[in-house]
Each structure stands twice: as structure tokens, then as C-alpha cells.
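Both backbone and side-chain heavy atoms feed into the values below; hydrogens, waters and symmetry mates do not. Remember, predicted model here, so these are calculated numbers, not experimental data.
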Amino acid sequence: MNLSTFQPLAAAADVQVGSPTLNIAVFAAFVIATLTVVIKVAGGKKTAAQYYTGGAAFSGRQNGLAIAGDYLSAASFLGIAGAIALQGYDGFLYSIGFLVAWLVALLLTAELMRNTGRFTLADVLSYRLKQRPVRIAAATSSLAVSFFYLLAQMAGAGGLVALLLGLNSQWAQYLVIGIVGAVMIAYVMIGGMKGTTWVQMIKAVLLIGATAIITVWVLGKYGFNLSGVLNAAVSASPEAGEKLLEPGLKYGLSGTTKIDFISLSMALVLGTAGLPHVLIRFYTVPTSQQARKSVEWAIWLIGGFYLLTLVVGYGAAALVGPETITSAPGGANSAAPLLAYELGGSVLLGIISGIAFATILAVVAGLTIASSATFAHDLYNYVFKDGKATPEEEVKVARWAAIGIGVVAILGGILAYGQNIAFLVALAFAVAASANLPTILYSLFWSRFNTRGALWSIYGGLASSLLLIAFSPVVSGSPTSMITNPDIDFAIFPLANPGIISIPLGFFLGWLGTVTSPERNEQKWAEVEVRSLTGHGVAEAVDH
């Protein structure tokens, strides 16, 4: 989930590292093994609850492991390691932001979301507000967040896997994107949430385990002394030197860069609690206590993983060197695979390549099932069918939606390939923090909150995020912009991330819309307050 180093991989992989044949074998073995698991654990006809949430049958520990698998994307694994290798202290700050974000989810949303909703974000918002407009707004925001996130993962997948397989042809790289999308659709179609969750758990174990092995291996080369690793990284980075251990290497210390980093940090810390594929995971456990326990497990697993990336990143700087990393296809994203190749040759590189592939599949599967649930449950049932669709019809529509979303993701990934896709991930977090989180917190904690407040907050947060990003340096006006033509420059907003403006604006619009509307719903609020603390009656409320 790194937002700055998740850059497009080179179109032509002129540097060959490792054995493509071995990498293909590892990829194929993983796909076959996980599809076998999905078919075994998730066969048979599914109800809506089984398809969307796996029947809420997972324990807090299992769900925490799945959350870690869903959250630790390929960019999180490869991007943060590369950021630390090249930017040191500044790169590690991303890890801090991603980890602190889970405290917001733990303290403010996990238990209450589990108690007040059943399948989607709109379930929580629509109970005490007007059903149709709120569900449309919540679905629009959720699908936008998922689309931006999914697009970034798919576009990155094509380049990443093409690099690891040594594919030089652009069409071959497009084919890789198509294969990733096809396997993702198979996971969701066959397994629903239950199968997807098992894929995420397997991937989390593989990713954390492999990263731990590399960490121990690197530390062993320096007498299990972290200072030795840091000193070696400084010595191997003559341009950065001691700055590798100090703040400011990437962002500088000017006023604008400081504000930009604060803006990005706000989006990271507050956006996680509004990501649809994270929120839906709270409904896969039977009780709110298990929802809290799953977040506790996720915090420990994700926090431990990010501590490991500290050693992996500085180890890559020490053993591979920044020049080799930046000159390799993929740039910073190649740091971890190059370190694996340096330590264990083609075999370890093949394993890491397979895990990176597993990481992509697990994350895109989670995004797809969250998006298909939003479309089928919120839009099809409650907007198009006025809540009269049967669970069987919902599941059928959700399956078709998964296919449609997969096709759109494949085409979008191909179109975005070769572009600067960092802004897509940043935008997903910014929209989630600006549009989703204010409405969630207001709905759970403010008795006066009403429909106008929800609509203004969601649409205002979504629109402001899109507009500010469109007129920011990530789209035009800088060498790393999405539009590379230097003559095209309409970057009138100086920051790369809109969070510092759009997040407070989302909260303000939610307040303003509420206080200017005569709508009152004190009785519904009293019911929501009881439900948020006990979970009583939520299934009946959503079903009817």
C-alpha cells in the first residue's frame, strides 16, 4: 500500500534476474493449491450471508489473519521495502501510518460496525436515514474507492509479474493482467467470502513467514546486530549517507513538503477505517467481541510485518545497493526480490515471486467481493428492487457483478499500465477518509445526524478528493505526473494528497447538511444506539 514508490514497472525488462521457469512453476503451484482449497472449503449453493460474509463463521484469530492478508498488498510488501532501501527513515514512516490506522478501526468502528450492519457500509447508514438516497451515495463512494484501489493493484500486477517472468512484450504483460483477473474471478465465483478468506489467510502466513526468514538471514550476515545492518546500508548509499537514518531525505524539510506529508498521513491513518474491503471483514465473525479480537490480531500481525520490512529495506540497501535497485526494471519495487536473489539465488527469488503473486490475488479478490456485495445488496436489491429481491437473486447478481468488475479491472489495468498509478492508491485512501469515515462516525455517535448530512458528506468528500487530485502535481506539472507532456500543466493545487483539505471538508459538510435540515430521527437513533452496543435485531433490520 505504499503510495509513493508504487510506480509503473518498466515496459521492457532488459535485466534478467532468476529463473522465469522456476517462477512460473511457483505461480502455477500456488494457483492450483489455493483453488483446490477454495473448492474444498466453499463448495455448494450459498445464501447471501454465506456469499458475502462466509456465514460469519470465522474466529477473531482467523479473521485477523485474513485482514492482514487483505491489507498487506504487493505494494505494501515490495513498495515499503523499496522505500526504506532508497529513502530510509522517510520510507519507514509509511509503515507507521498504516499501523496507526488500525487503532482508529479498533477504538471507533470495528465493534460498532459489526453490531449495526450486516453486509455493507450502507446497512449501517441507511437504517436511521432515508434508505434509497443514502444507499446510492454509500454505494457510489464504496465502488469509487474499490475501483481506484483495484485499478492500481491490477496495473501493478502486470508489470510486477512480467518482470519476474522475464516478459519483454507489452502484449505478454497485458496477458498477465488478464490472467490475474481471471484467477481472481474464479476465487470469488467459486468460493465467495469463505474461499477468499482462506486465500487471504494462506497468503498472510506465506508473506509474513517469508519476510521473517529474509529478516533473520540479513541479520545473520551482520552478527544479528541491527546497527551493523544500518551502518552497512549507509556505507552502500554514498549519495544519501547518514541522511538515510534521518527524516527529510525524500520529502525535504520545506513548508510545502511538510504539509504534504501531514496531508498524506491523515489519509493513511483515517482512510483505513473507511475502506470497503476492510469494513466487510468485520461481518465475517459471529460477534462484536470477535470483531475487536480480529482487529487486535491484525494489529499485531501487521505491526510485526512492518518491523520486519525495516530490516528487509535496509538490508536491500546494504547488500544490493541503491544504484542496482533504481536501475532494475521496477525500480524501488525490485528491492525485496533483488535481496532474495542476493541471499538465496533463483530458488528464494522464485518463492518470493510466488508470494508476491499470491499477495496480488488475495487483495484483488477481497476488493472484488466487497464491490460485488455493494452492487448486489445495496444497488440491485434496495435501489432497483425496493428491498424485495430474494437472497438467491442477490447471490446470482453478485456473481455476475464479480465477473463484470473483473472485466472492468482487467481493462482498466491494461489502460493504466505504464502510467504513474501512485495517485490511484492515494486517492482511494483520501476518498475513504473524506467521504466514508465522516458518515460512519456521525452515524454511530451523533444523534442529530440525518440524510442531508450523510449525502453532503459523502458526495462532498468524494468530489473534493477527485477535484483536488485532478488539479494536483500527481496528474500534471511535474516529471513524475500522470500526464508526462511538460507543456500541459494545470496543477493549481500544490499538494500531492488532498486529505488535509478534503477530510475536514467531509466532516464540515456532514455537520452543515445536518443542522440545515429539519429532519429528525430520535427514535431511530435510540434503536441504533442500543443496536451498536448489543447487536440486537440487526439481521431483521437489514432483511426488512
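- Remark: side-chain polar atoms of R114 are paired, donor with acceptor, to backbone N or O of P286 under 3.5 angstrom.
- Looking only at side-chain heavy atoms (C-beta outward), T272 and V104 stay at 4.5 Å or farther from each other.
- Within the 4.5 Å cutoff, side-chain heavy atoms of L99 are placed close to those of I299.
- Listed here is the closest heavy atom pair of G69 and V363: O-CG2, 4.0 Å.
- More than 12 heavy atoms of other residues, nucleotides or ligands lie within 6.0 Å of CZ in R448, so this atom counts as buried by the packing criterion.
- By the neighbour-count criterion of 12 heavy atoms within 6.0 Å, atom CH2 of W446 is densely surrounded, having more than that number from other residues, nucleotides or ligands.
- A donor-acceptor pair under 3.5 Å is absent between the side-chain atoms of N63 and the main chain of F58, judged by distance alone.
- Closest of all the heavy-atom pairs between D70 and A362 is OD1-O, 4.1 Å.
- Although no hydrogens or angles enter the test, the distance criterion places a donor-acceptor pair under 3.5 Å between the side chain of R128 and the main chain of S443.
- Rounding to the nearest 0.5 angstrom, the gap separating the CG atom in N436 from the CG atom in L275 is 8.0 Å.
- In this pair, Y149 and F429 present their aromatic rings tilted. The plane angle is within the 30 to 60° band.
- Nearest heavy-atom pair across T439 and F449 is O-CE2, 3.9 Å.
- Going from atom OG of S237 over to atom CD1 of I325 covers 8.0 Å, rounded to the nearest 0.5 Å.
- When side chains are defined from C-beta on, I84 counts as touching Y314, because their heavy atoms get closer than 4.5 Å.
- You'll find the ring centres of Y442 and F507 inside the 6.0 Å limit.
- Between F508 and W511, the angle of the ring planes lies from 30° to 60°, which puts this pair in the tilted group.
- Counting only heavy atoms from C-beta outward, the side chains of T451 and P133 approach each other to under 4.5 Å.
- Put simply, the side chain of T196 never gets that close to the backbone of M193: no donor and acceptor are under 3.5 Å apart.
- A donor-acceptor pair under 3.5 Å is formed between the side chain of Y283 and the backbone N or O of M113.
- Put simply, the side chain of V408 reaches to within 4.5 Å of the side chain of F147, judged on heavy atoms.
- Nearest heavy-atom pair, L509 versus G460, reported as atom, atom and distance to 0.1 Å: CD1-CA, 3.5 Å.
- With contacts defined as side-chain heavy-atom distances shorter than 4.5 Å, the pair V364/L150 qualifies.
- Considering all non-hydrogen atoms of both residues, T514 and G510 come closest at OG1-O, 2.7 Å.
- Of the inter-residue distances, the one linking L367 atom CG with L143 atom CG reads 11.5 Å to the nearest 0.5 angstrom.
- Y71 pairs in a ring pair (Phe, Tyr, Trp, His ring centres under 6.0 Å) with only one of the listed residues (Y306, W102, F305), which is W102.
- In this structure, the side chains of I369 and Y52 stay at 4.5 Å or more apart for every pair of heavy atoms.
- Side chain of S263 to main chain of I259: no donor-acceptor pair is present (N/O by atom type, distance under 3.5 Å, no hydrogens or angles).
- Put simply, the side chain of S464 gets close to the backbone of G461: a donor and an acceptor are under 3.5 Å apart.
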Evaluation steps, side-chain contact (heavy atoms from CB on, under 4.5 Å), between F493 and L467: CA-CA 9 Å; F493 181 66; L467 286 173; over 6 Å; no
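- Note that the CD1 atom of I503 and the CG atom of N497 stand 7.5 Å from one another [nearest 0.5 Å].
- A distance of 10.0 Å separates CG of L108 from CG of L103, quoted to the nearest 0.5 Å.
- The environment of Y89 atom OH is sparse: at most 12 non-hydrogen atoms of other residues, nucleotides or ligands sit within 6.0 angstrom.
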May I have the step-by-step check of side-chain contact (heavy atoms from CB on, under 4.5 Å) for D386 and R132, ending in yes or no? CA-CA 8 Å; D386 294 323; R132 186 182 179 88; 3.9 Å; yes
Passes side-chain contact (heavy atoms from CB on, under 4.5 Å), D123 versus H377? Steps please. CA-CA 9 Å; D123 288 343; H377 183 65; 2.9 Å; yes
How far apart are the C-alpha atoms of I405 and V188, what are their side-chain angles, what is the distance that settles it, and do they pass the side-chain contact (heavy atoms from CB on, under 4.5 Å) test? CA-CA 11 Å; I405 291 164; V188 176; over 6 Å; no
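- The two residues H277 and A370 make their nearest non-hydrogen contact at CA-CB, 3.8 Å.
- A 4.5 Å side-chain heavy-atom check between L86 and T326 finds at least one atom pair inside the cut-off.
- Between the side chain of S126 and the main chain of A122, a donor-acceptor pair closer than 3.5 Å is present.
- At least one donor-acceptor pair closer than 3.5 Å links the side chain of K203 to the backbone N or O of L72.
- Taking CZ of F119 as the start and OG1 of T53 as the end, the distance is 5.5 Å to the nearest 0.5 Å.
- Although no hydrogens or angles enter the test, the distance criterion places no donor-acceptor pair under 3.5 Å between the side chain of S141 and the main chain of A435.
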